[in-house]
Engineer: 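Structure in structure tokens, see below.
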Amino acid sequence: MQIRVRIAPSPTGPLHIGTARAALFNYLFAKKNKGSFILRIDDTDTDRSSKAFEEDIKRGLLWLSLKWDEFYKQSERIDIYREQLLKLLEEGKVFWCWHSQEELASERDHFIRQKSAPRHICEFRDLDKKEARTGEKPILRFKNNEKEEVVFNDLIRGKIEFRPDLFGDFSVAKNLEAPLYNFSTVLDDSLMKISHVIRGEDHISNTPKQILIYRALGFDLPEYAHLPLILGKDRSKLSKRHQATSLMQYEDEGYLPEALINFLALLGWREANDDGEELFSIDELCKKFSLDRVQKSAAVFDVEKLNWINSRYLRFLETKDLAVMLKKYLKPAWKIKTDENPERWIKVAALEQPRIVKLEDITGLVDYFFEEPFLDKEMLLWKKQNAGDAIKHLEKIYELASDLQDTDFSKDILEKTIMPYAGEAGRGEVLWPFRVALSGKTTSPGPFEIAEILGREETLKRTYKAKETLES
Ligand SMILES: [Zn+2]
């Protein structure tokens with residue numbers, strides 16, 4: 001069998017985590033089985049669909065390297081839906097329901113009061129259109145005569161059964177030009193020869209209605225696989241509170257697409273060997289992926305995990321490549337300085353590489369390489385150190401460092417020069433004020449590494465300034 005899978009996002013919002021995960025799982029399944037991955041934009045709701053969201057979805061998928069093999073827009077297929085709706089009307093499998101919104105609402109309330117599932121068993125189901133009311137806008141409903149349980153075998157969840165009488169005569173189109181979700185989905189999945197429908201668990205309740213439509217149209221059923229829900233870390237349904245508004249926001253913040261792919265794969269998929277390995281390239285995922293290893297229980301969206309994965313991928317990068325990526329996040333004035341001295345910028349990037357979680361962090365980490373830091377008196381003092389001691393140590397460092405030539409101003413030589421003194425006087429006592437003098441921060445790389453990049457003149461200047469600050 002030729003494997004063909006699809007995702008069918010609505011362009012009524014930007015690409016979000018759930019759709020991106022469904023896209024990845026479909027993509028991996030297709031690639032593993034040498035099949036086709038189809039992108040179908042579900043834009044039949046013309047009021048709510050927008051071109052901008054369609055572009056956001058496409059841009060996000062391409063950013064993740066999830067390139068589709070075929071592309072369709074449902075808004076361009078209205079004639080196809082219309083033709084099949086007319087055929088089903090002729091065969092008496094769908095019919096026009098003339099009930100008003102008010103009538104349907106009061107019927108729904110009635111069922112809810114009786115504590116049973118709201119459904120509409122329509123008295124127009126067996127009438128000719130001519131006998132209908134005038135002045136109302138009718139909708140098309142599926143004539144649901146099914147009494148047998150609708151059963152399907154979900155590749156992830158096993159056998160799932162539904163009582164079809166609970167759906168009543170469900171709607172399939174607002175009119176011949178406006179098919180509703182379940183109808184257009186089934187028709188397209190059939191015509192596009194989709195072999196496996198892999199989608200989120202929230203679609204399980206649509207599946208029995210879709211199976212009834214498949215039967216009415218006389219098409220073979222696809223295989224179904226419903227992916228587990230994605231919950232926030234607080235175990236509530238994933239919402240805007242938990243995730244970025246669009247997947248593209250992750251790009252803006254400086255997550256790598258490789259890291260996001262890896263993270264999405266772990267949202268419900270367990271690696272085959274259970275050896276604890278959690279980092280996979282997309283090629284590895286293509287090889288290893290299988291639906292058997294998709295979990296039934298909900299997956300948890302944990303941004304800390306994403307951050308951890310991203311920081312690992314940032315460490316794997318060649319420093320010179322990282323340095324280029326980071327420049328985008330620098331202030332314009334800093335960018336000019338990095339262009340003037342690219343070697344220095346690569347050294348800074350190397351220093352921060354083990355510390356960056358996402359690229360946008362860089363601005364807050366390296367400001368002191370571009371601008372003189374603001375020095376806080378309290379911060380300059382190590383624990384309960386008194387200012388007099390700190391001044392004494394800074395003076396000593398100044399003296400030792402000024403004896404060095406420009407060319408000797410390397411991390412190693414500085415260390416050799418200053419560490420014997422720090423060893424005697426106390427490492428924290430000596431190195432803390434020195435490091436804060438250079439960086440203005442409570443956390444940063446070590447003072448010798450910073451000093452090497454700042455150079456002799458700037459290091460001496462900042463050391464002296466720290467001493468003055470403490471004296472003031
Ligand atoms: Zn009706």
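The first residue of the sequence shown is numbered 1, and numbering continues consecutively from there. Just so it is clear, the values below take in all heavy atoms, side chains as well, and ignore hydrogens, waters and symmetry mates. Nothing here was measured: the structure is a model prediction, and the numbers come from that model.
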Engineer: Look at Asp283 together with Lys31 and state whether they make a salt bridge at an N to O cut-off of under 4.0 Å.
Structural biologist: no
Engineer: What are the two closest non-hydrogen atoms of Val186 and Gln210, and how far apart are they?
Structural biologist: CG2-CB, 3.4 Å
Engineer: Evaluate the criterion side chain to side chain donor-acceptor pair (under 3.5 Å) for residue pair Asp234 and Ser236; output intermediate values, then yes/no.
Structural biologist: CA-CA 5 Å; Asp234 53 4; Ser236 69; 2.9 Å; yes
Engineer: Which atom pair, heavy atoms only, marks the closest approach of Ala30 to Ile3?
Structural biologist: CA-CG2, 4.5 Å
Engineer: Evaluate the side-chain proximity of Arg199 to Ile204: yes if any heavy-atom separation is below 4.5 Å, no if none is.
Structural biologist: no
Engineer: Please name all residues satisfying side-chain hydrogen bond (donor to acceptor under 3.5 Å, both in side chains) with Glu253, sequence neighbours left out, ordered by chain then number.
Structural biologist: Gln249
Engineer: Closest approach of Val197 and Ile194, non-hydrogen atoms and distance?
Structural biologist: CG2-CG2, 4.0 Å
Engineer: Does the side-chain contact (heavy atoms from CB on, under 4.5 Å) test come out yes or no for Thr459 and Phe434, once each step is laid out?
Structural biologist: CA-CA 9 Å; Thr459 300; Phe434 183 35; 4.0 Å; yes
Engineer: Determine whether a donor-acceptor pair (N or O, by modelled atom type, separation under 3.5 Å) exists between the side chain of Lys377 and the backbone of Ser472.
Structural biologist: yes
Engineer: Step through it carefully: locate the ring centre of Tyr255, locate the ring centre of Tyr313, and say whether they are under 6.0 Å apart.
Structural biologist: no
Engineer: Looking only at heavy atoms, what is the nearest atom pair of Gly268 and Ala299, with distance?
Structural biologist: N-CB, 3.7 Å
Engineer: Could Lys331 and Glu371 be called an ion pair, given the rule that one side-chain N must be under 4.0 Å from one carboxylate O?
Structural biologist: yes
Engineer: State whether the number of non-hydrogen atoms from other residues, nucleotides or ligands found under 6.0 Å of Gln101 atom CD is greater than 12.
Structural biologist: no
Engineer: Is it true that, when you exclude Arg77 itself, more than 12 heavy atoms of the residues, nucleotides or ligands shown sit nearer than 6.0 Å to its CZ?
Structural biologist: yes
Engineer: Heavy atoms only: give me the nearest Ala259-Ile309 pair and the separation to one decimal.
Structural biologist: O-CG2, 3.7 Å
Engineer: Does a sphere of radius 6.0 Å around CZ in Arg315 hold more than 12 heavy atoms from other residues, nucleotides or ligands, not counting ones at 6.0 Å or beyond?
Structural biologist: yes
Engineer: Verify side-chain contact (heavy atoms from CB on, under 4.5 Å) between Leu381 and Leu470, making sure each step is shown before the conclusion.
Structural biologist: CA-CA 9 Å; Leu381 301 174; Leu470 288 170; 3.9 Å; yes
Engineer: Do Leu330 and Trp345 come close enough that some side-chain heavy atom pair is under 4.5 Å?
Structural biologist: yes
Engineer: Are the side chain of Asn262 and the backbone of Glu278 linked by a donor-acceptor contact shorter than 3.5 Å?
Structural biologist: yes
Engineer: Does Glu471 come within less than 4.0 Å of Lys467, counting only side-chain N to carboxylate O?
Structural biologist: yes
Engineer: Okay, side chain of Asp361, backbone of Ile356: is any donor-acceptor separation there less than 3.5 Å?
Structural biologist: no
Engineer: Can a salt bridge be assigned to the pair Arg462 and Glu458 using a cut-off of 4.0 Å between side-chain N and carboxylate O?
Structural biologist: yes
Engineer: In Å and rounded to the nearest 0.5 Å, what is the CG to CD distance from Asn310 to Glu258?
Structural biologist: 9.0 Å
Engineer: Would you say the side-chain atoms of Asn26 pair up with the backbone N or O of Ala23, donor to acceptor, closer than 3.5 Å?
Structural biologist: no
Engineer: Just say parallel, tilted or perpendicular for the rings of Phe183 and Tyr81, cut-offs at 30° and 60°.
Structural biologist: perpendicular
Engineer: Could you point out which residue of Gln74, Glu70, Glu76 forms a side chain to side chain contact (heavy atoms under 4.5 Å, CB included) with Tyr72?
Structural biologist: Glu70
Engineer: Just so I know, are the side chains of Asp189 and Tyr214 near enough to count as touching, which here means a heavy-atom distance under 4.5 Å?
Structural biologist: yes
Engineer: Give me the atom names and distance for the closest heavy-atom approach of Asn175 to Glu177.
Structural biologist: OD1-N, 2.7 Å
Engineer: Are Ile78 and Pro179 packed together at the side-chain level, in the sense that at least one heavy-atom pair is separated by less than 4.5 angstrom?
Structural biologist: yes
Engineer: For Pro373, does its backbone N or O pair with a side-chain atom of Ser439 as donor and acceptor, under 3.5 Å?
Structural biologist: no
Engineer: Between Ser10 (side chain) and Thr12 (backbone), is there a donor-acceptor pair under 3.5 Å?
Structural biologist: no
Engineer: Has Trp269 got a side-chain atom pairing as donor or acceptor with Phe289's backbone, closer than 3.5 angstrom?
Structural biologist: no
Engineer: May I ask you to say whether Glu399 pairs ionically with Lys396, meaning some side-chain N is under 4.0 Å from a carboxylate O?
Structural biologist: yes
Engineer: Salt bridge or not between Arg355 and Glu352? Use side-chain N to carboxylate O under 4.0 Å.
Structural biologist: yes
Engineer: Find the distance between CD1 (Ile453) and CD1 (Ile346) and round it off to the nearest 0.5 Å.
Structural biologist: 11.5 Å
Engineer: Test Leu306 against Leu260 for side-chain contact (heavy atoms from CB on, under 4.5 Å), laying out the working first.
Structural biologist: CA-CA 7 Å; Leu306 172 60; Leu260 215 66; 3.3 Å; yes
Engineer: Looking only at atom types and distance, does a side-chain atom of His196 sit under 3.5 Å from a main-chain N or O of Ile198, one as donor and one as acceptor?
Structural biologist: no
Engineer: Over 60° means perpendicular and under 30° means parallel, so classify the ring planes of Phe301 and Phe263, tilted if in between.
Structural biologist: perpendicular
Engineer: Taking the six-membered ring of Phe25, is NZ or CZ of Arg21 closer than 6.0 Å to its centre and within 45° of its axis?
Structural biologist: yes
Engineer: Under a 4.5 Å cut-off applied to non-hydrogen side-chain atoms, are Ile213 and Phe170 in contact?
Structural biologist: yes
Engineer: Is the number of heavy atoms from other residues, nucleotides or ligands within 6.0 Å of NZ (Lys174) greater than 12?
Structural biologist: no
Engineer: Could you walk me through whether Ile7 and Leu61 pass the side-chain contact (heavy atoms from CB on, under 4.5 Å) test, one step at a time?
Structural biologist: CA-CA 11 Å; Ile7 56 161; Leu61 294 173; 4.0 Å; yes
Engineer: Nearest 0.5 angstrom please: Leu247 CG to Ile57 CD1, how far?
Structural biologist: 11.0 Å
Engineer: Counting only heavy atoms from other residues, nucleotides and ligands, does the tally under 6.0 Å from OH of Tyr464 exceed 12?
Structural biologist: no
Engineer: Could you measure the distance from the NZ atom of Lys67 to the OH atom of Tyr27? Nearest 0.5 Å is fine.
Structural biologist: 10.0 Å
Engineer: Would you check if Tyr181 and Asp45 make a side-chain contact, meaning some heavy-atom pair closer than 4.5 Å?
Structural biologist: no
Engineer: Under 6.0 Å from the CD atom of Glu161, do we count more than 12 heavy atoms belonging to anything else shown?
Structural biologist: yes
Engineer: Ion pair present between Lys233 and Glu304, side-chain N to carboxylate O less than 4.0 angstrom?
Structural biologist: no
Engineer: Between Glu55 and Lys58, does any NZ, NE, NH1 or NH2 come within less than 4.0 Å of an OD or OE carboxylate oxygen?
Structural biologist: yes
Engineer: When you measure from the side chain of Arg456 to the backbone of Thr407, do you find a donor-acceptor pair of N or O atoms at a distance under 3.5 Å?
Structural biologist: no
Engineer: Rounded to the nearest 0.5 Å, how far does CG of Leu266 lie from CD1 of Ile261?
Structural biologist: 11.5 Å
Engineer: Compare all side-chain heavy atoms of Ile450 with those of Ser444 and state whether any distance is below 4.5 angstrom.
Structural biologist: yes
Engineer: If only atom types and distance count, is the side chain of Ser195 paired as donor or acceptor with the main-chain N or O of Arg4 below 3.5 Å?
Structural biologist: yes
Engineer: Taking the side chain as every heavy atom from C-beta outward, state whether Gln353 and Leu314 have any atom pair closer than 4.5 Å.
Structural biologist: no
Engineer: How many angstroms lie between atom NZ of Lys335 and atom CD of Glu340, to the nearest 0.5 angstrom?
Structural biologist: 14.0 Å
